[in-house]
Amino acid sequence: MAGQQPGQLPSLANIRLLITDVDGVLTDGGLFYDATGECMKRFHVRDGLGMKLLMESGIQVAVLSGRDSATLRKRVADLGIELSMFGVKDKAAACHELMAQARSTPEQTACIGDDSIDLPAFSACGLSYAVPEAPSYVRNAATAVLSTPGGQGAFRELADAILQAQGKQELLGSARGYAAVMTRMAQ
């Protein structure tokens with residue numbers, strides 16, 4: 001992860017809530033429509049597993065999207081994510097609401113985004129991350145820029161960094177660590 005490191009920043013070791021955008025972060029940003037007009041999206045299984053590993057470790061995950069679709073709602077339900085807001089245009093207000101629901105402060109909250117609609121979320125959260133293909137003005141506004149593209153495991157990159165910062169790397173890198181949580185996992 002490369003990016004800005006202004007002043008005294010919160011630490012990944014203290015993150016209790018990770019808020020993620022969807023299109024361009026959990027997906028590659030492409031939208032596919034079938035003949036009936038149903039929108040289909042492609043999600044990466046590593047991101048899903050990263051979400052479950054965070055939640056299993058006591059870190060809440062929230063999905064915050066400017067769009068709403070049955071496909072997105074199904075993905076969120078399949079992963080057991082309880083904090084979500086869809087069709088949101090004011091992402092700063094939504095982040096504050098999600099933080100209140102999660103009983104998390106801005107310093108305990110990180111977010112991931114990829115476009116202008118995410119900039120208000122960046123300002124509301126203690127740490128903000130952009131995917132590498134985000135426009136330069138979005139990357140410049142973020143605390144840091146992830147190395148992995150959106151839709152290809154960007155969320156997982158940050159999830160792993162949070163777990164490592166919190167001393168939970170055994171979940172990621174050992175059979176014994178993963179075996180302790182595997183029955184509650186989903187991708």
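Since we're looking at a predicted model, the values are computed, not measured. Note that the numbering runs from 1 along the sequence shown for the chain.
With a 4.5 Å cut-off on side-chain heavy atoms, Phe155 and Leu146 do not count as touching. Residues Asp21 and Leu64 form no side-chain contact, since every pair of their non-hydrogen atoms from C-beta on lies 4.5 Å or further apart. Residues Cys125 and Ile19 are in side-chain contact: their nearest non-hydrogen atoms beyond the backbone lie under 4.5 Å apart.
Put simply, the side chain of Glu107 never gets that close to the backbone of Gly126: no donor and acceptor are under 3.5 Å apart. When atom types are taken as modelled, the side chain of Arg46 and the backbone of Arg156 share no donor-acceptor pair closer than 3.5 angstrom. The backbone N or O of Ala102 lies less than 3.5 Å from a partner atom in the side chain of Gln60, making a donor-acceptor pair. With hydrogens and angles ignored, the 3.5 Å screen pairs a side-chain donor or acceptor of Glu157 with a backbone N or O of Ser147. At distances below 3.5 Å, not a single donor-acceptor pair connects side-chain atoms of Asn14 with backbone N or O atoms of Gln108. A donor-acceptor pair is defined here as one N or O able to donate and one able to accept, closer than 3.5 Å; no such pair exists between the side chain of Ser57 and the backbone of Ile59. A donor-acceptor pair is defined here as one N or O able to donate and one able to accept, closer than 3.5 Å; such a pair exists between the side chain of Arg139 and the backbone of Ala134.
For the side chain to side chain donor-acceptor pair (under 3.5 Å) with Lys41, the lone residue among Asp23, Asp28, Thr27 that qualifies is Asp23.
The pair Arg73-Asp68 meets the salt-bridge criterion, with a side-chain N (NZ, NE, NH1 or NH2) lying under 4.0 Å from an Asp/Glu carboxylate O.
One distance of note links CG of Leu49 with CE of Met51; it measures 11.0 Å at 0.5 Å rounding.
Residues meeting the salt bridge (charged side-chain N to carboxylate O under 4.0 Å, His left out) test with Arg16, sequence neighbours left out: none. With sequence neighbours excluded, no residue forms a side chain to side chain donor-acceptor pair (under 3.5 Å) with Gln152.
The side chain to side chain donor-acceptor pair (under 3.5 Å) analysis of residues 110-124, with sequence neighbours excluded, yields the pairs Lys91-Asp118.
By the 6.0 Å contact criterion, CD on Glu170 is enclosed, its count of non-hydrogen atoms from other residues, nucleotides or ligands being greater than 12.
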